[in-house]
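Below, chains carry the letters A, B, ... as their sequence lines are ordered, and counting in each starts from 1. The figures here come from the full heavy-atom set of this structure, side chains too, leaving out hydrogens, waters and symmetry mates. This one's a predicted model, so the numbers in the text were calculated from it and none came from an experiment.
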Amino acid sequence: MTTRVTKPVIDSKTAKDWGKFVLYEGCTMPRRMVGSRYTTRFVLDKFSFDYMVLDNARCCGAPVMRSGGEDVSIECRMYNLDLVKKAGVDQIVSGCPGCGSQLKTEEAEKMSIHVYHLIEVLYDLARSGELYQKDLMRPIPNLKVTAHYPCHMHRGMLIDARKIHETIVGAFPNLEYIEMDDSDRCCGAGGGVRASQKELSYTIRKRKLECIEETGADIVIAACPFCELQIDEGLKTDSESGARAITPQSMIAMFFKDIGQEVAKL
Amino acid sequence: MLGIWDQWNLFAAVAMILASVPFLIMLYASIRGHEGTVLCMQCQQCVAVCPVRAAQPDRYMGPLGIEVTSRSGTKERAEEGGLFSCTSCMSCVEACPRGLNVKHDMDKFRASLAKEGMGQMGPHKHIIKMASNYGNVFDKEPVLLPDIKEQKETITKFLKGFAKITKYDDFKIGEGEENK
Ligand code: SF4
Ligand code: SF4
C-alpha cells in the first residue's frame, strides 16, 4: 500500500514513459534516513509517477550476504522479487544502490523484473527538461554541489554516475557542479564494516571528507541512504567544511515552494 | 628397455596428466564455488585501489589475499587477514584485468567461514538474525514498514536543518504558511 504524500501536480511525460513500478525502500531509508524517505515520495508524487510501496517488503539481503549469511540472503532476495511479481509489476526502482545491486540479478531477469536506481528516474526528468520547475520552485540559491558516487551504484549497478550527477545538477540554474577527487572511492560504510568495525570505517571515510573539503562544496549528493548517513555524520563530527550530505531527491524536494506545507499535512 | 611404442605411451600418459592439472584445479575450485580465483595472475592491480588495504596495510590481506586464500581454502589465514573487513566496494573488481569478481569470491568465502563459526563478529550474527526474524536489520518490530505519518517530527527536523544550507531563511513547516 502506498501513502502518497502530495497530490500529482506535474503532468510529466517522463512519468508516463516509466509506467508503473514498485518503489523499494530497503531498511535504511524507512527506518533511519526518513527525511530521504519522505522526499523520495514527495518528488515522485509531484511528477505524477505511478508507483507503489509494498508494506511487507523485507530486507533485500545485501547486508546479510556481507555478514556471511548466504542462504538467508538469497531467501530475502527471492522473497522480495516474488512479492513484486505477485503485485503484477515488472519494474523495481530502489532508492538504495546496495539493495538495487542485490536485486538486479539473473533471477530478476528470469522473472522479467527490471531493477533501476531512483537516480535513473531523476536523470530522465533532467534530460527531458522537466526536473527544474520554475513556477513551482523557490529561487535556486547559488550553491556549490559535489557528489559521492556510491560503489554499488557505479560499480554494482553499472550506472554512469558522473554523467548522471552532472546532468541532474546541471538542470538547475545557480548550482555549480564540482567533481571531487576520488569521487567513486568507498565511504567506508559498506560490507558490514560500519556495523562491525567503526574505527576502520571512519579511517576510510577520512579520505572522502578531505576530498569534499577540497571542493568547497555546500552540498554533497549521496544517492545511497547508507552513504548519506556515513558521510553526513562525518561532515558534522570530523570536518570543518559545513557541507551536508544529502540524497538528490532531498535536494530537489527542498526547492519546491510548498514542501513545508505538505509535511504539515502528514 | 622400453620399446619406442611403450615410450610414446608413457610420454602421452604423463602429458595427459600434466595437461589435466589446470582442469582438475578448476574443477576443485568450482566445487567450492571459487572457480574465478584460478585465473588470478597476481598482478596486484586490485591491491593498489583497495581502500581497506590503504587504511590497514599491515593487517588487511587485501583483494589478492582474498583470491589466494579462497583458492587454497586456508580459512584460518583468511580470518586472521581480515576477510570480514572488506567493504565490498568493488574497486578491485573494476581494476582487475582478468575480470575477476573478488567481491563475489569474498561473499562465498565469508559464507563458508561463517558455517564453521569463523570470522564473523557479533554485528554480523546480529544482522542475519534480525533479517531472518524481523525482515529488517535495524528494529525489533514486525516486518511491516513503519508508517510515514508517524515520522513527521524527524522529517520536519531534517528539512529545517537542510533549509539552512539552501539559505531559505523563511522556511517553515505549517499549513497555510506562505513558503515563498
Ligand atoms: S587484479 Fe585480478 S588478476 Fe590481478 S592480482 Fe588482483 S585479482 Fe589477481
Ligand atoms: S571490494 Fe573489498 S577487497 Fe575489493 S577493493 Fe573493496 S574493500 Fe578492497
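The distance from the CD atom of A:Gln197 to the OG atom of B:Ser85 is 3.5 Å, given to the nearest 0.5 Å. The NZ atom of A:Lys257 sits 15.0 Å away from the CZ atom of B:Phe171 when rounded to the nearest 0.5 Å. To the nearest 0.5 angstrom, B:Gln56 atom CD is 7.5 Å from A:Ile204 atom CD1. Atoms OG1 and CZ, on B:Thr87 and A:Arg185 in that order, are 9.5 Å from each other to the nearest 0.5 Å. For the atom pair CE (A:Met65) and CD1 (B:Ile128), the distance works out to 10.5 Å, reported to the nearest 0.5 Å. To the nearest 0.5 Å, atom CD1 of residue A:Ile259 and atom CG of residue B:Leu159 are 4.5 Å apart.
Each of B:Ala163, B:Ala111, B:Ala114 has some count of heavy-atom pairs under 4.5 Å with chain A, and the biggest count is that of B:Ala111. The greatest number of non-hydrogen atom pairs below 4.5 Å with chain A, out of B:Thr154, B:Thr166, B:Leu83, is found for B:Thr166. Across B:Met106, B:Lys103, B:Lys115, the residue that shares the most heavy-atom pairs under 4.5 angstrom with chain A is B:Lys103. Chain A forms the most heavy-atom pairs under 4.5 Å with one residue out of B:Lys149, B:Lys152, B:Met121, and that residue is B:Lys152. Ranked by heavy-atom pairs shorter than 4.5 Å toward chain B, the options A:Cys76, A:Gly192, A:Ser250 are led by A:Ser250. Among A:Pro141, A:Gly69, A:Ala243, the residue with the largest count of heavy-atom pairs under 4.5 Å with chain B is A:Pro141. Between chain B and the residues A:Met137, A:Met251, A:Arg244, A:Met254, the most heavy-atom pairs under 4.5 angstrom are made by A:Met254. Contact tally against chain A (heavy-atom pairs below 4.5 Å) for B:Ala54, B:Ser91, B:Ala55: the top residue is B:Ser91. Between chain A and the residues B:Gly161, B:Pro146, B:Ala131, the most heavy-atom pairs under 4.5 angstrom are made by B:Pro146.
A:Asp184 is listed as a side-chain neighbour of B:Glu94, based on a closest heavy-atom distance under 4.5 Å. Counting heavy atoms from C-beta on, the side chains of A:Ile246 and B:Phe158 come closer than 4.5 Å.
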Applying side-chain contact (heavy atoms from CB on, under 4.5 Å) to A:Leu200 and B:Tyr60, what does each step give before you reach the verdict? CA-CA 11 Å; A:Leu200 170 59; B:Tyr60 181 53; over 6 Å; no
Derivation and outcome, side-chain contact (heavy atoms from CB on, under 4.5 Å), residues A:Leu143 and B:Lys167: CA-CA 10 Å; A:Leu143 293 170; B:Lys167 304 180 188 91; 3.6 Å; yes
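Near-neighbour residues of residues 32-39 of chain A relative to chain B, defined by a heavy atom under 4.5 Å from a heavy atom of that chain, comprise A:Arg32, A:Val34, A:Gly35, A:Ser36, A:Arg37, A:Tyr38, A:Thr39.
The 12-atom threshold is exceeded at CE of B:Met41, counting heavy atoms of other residues, nucleotides or ligands nearer than 6.0 Å. More than 12 heavy atoms of other residues, nucleotides or ligands lie within 6.0 Å of CZ in A:Arg207, so this atom counts as buried by the packing criterion. Annotation: B:Leu18, atom CG; neighbour count of heavy atoms from other residues, nucleotides and ligands within 6.0 Å is above 12. For A:Lys198, the NZ atom counts as densely surrounded, since its 6.0 Å shell holds more than 12 non-hydrogen atoms of other residues, nucleotides or ligands. Within 6.0 Å of CZ in B:Arg59 there are 12 or fewer heavy atoms belonging to other residues, nucleotides or ligands.
The backbone N or O of A:Gly260 lies less than 3.5 Å from no partner atom in the side chain of B:Lys172, so there is not a single donor-acceptor pair. Judged by distance alone, with hydrogens and angles left aside, the side-chain atoms of A:Arg155 form a donor-acceptor pair with the main-chain N or O of B:Cys89 at under 3.5 Å. With hydrogens and angles ignored, the 3.5 Å screen pairs a side-chain donor or acceptor of A:His152 with a backbone N or O of B:Ser88.
Closest heavy-atom contact between B:Ile165 and A:Asp218: CG2-O, 3.7 Å. Smallest separation of non-hydrogen atoms from B:Ser132 and A:Val72: OG-CG1, 3.5 Å. Contact record, B:Val137 with A:Cys27: N-SG, 3.6 Å, taken as the closest heavy-atom pair. Heavy-atom minimum distance, B:Gln151 versus A:Pro30: NE2-O, 2.8 Å. The heavy-atom pair separating B:Asn136 from A:Cys59 by the smallest distance is CA-CB, 4.1 Å.
Judged purely by distance below 3.5 Å, without hydrogens or angles, the side chains of B:His126 and A:Ser67 never pair a donor atom with an acceptor atom.
Residue pairs meeting the salt bridge (charged side-chain N to carboxylate O under 4.0 Å, His left out) criterion with at least one partner in residues 59-84 of chain A, sequence neighbours excluded, are A:Arg66-B:Asp107, A:Glu70-B:Lys108, A:Arg77-A:Glu107.
A:Glu262 does not touch chain B: none of its heavy atoms, backbone or side chain, sits under 4.5 Å away. Of the two parts of A:Ser73, neither the backbone nor the side chain holds a non-hydrogen atom closer than 4.5 Å to a non-hydrogen atom of chain B. Using a 4.5 Å cut-off between heavy atoms, B:Leu113 makes no contact with chain A at all.
For the pair A:Arg138 and B:Tyr168, the cation sits on the ring face: its NZ or CZ lies under 6.0 Å from the ring centre, inside 45° of the axis.
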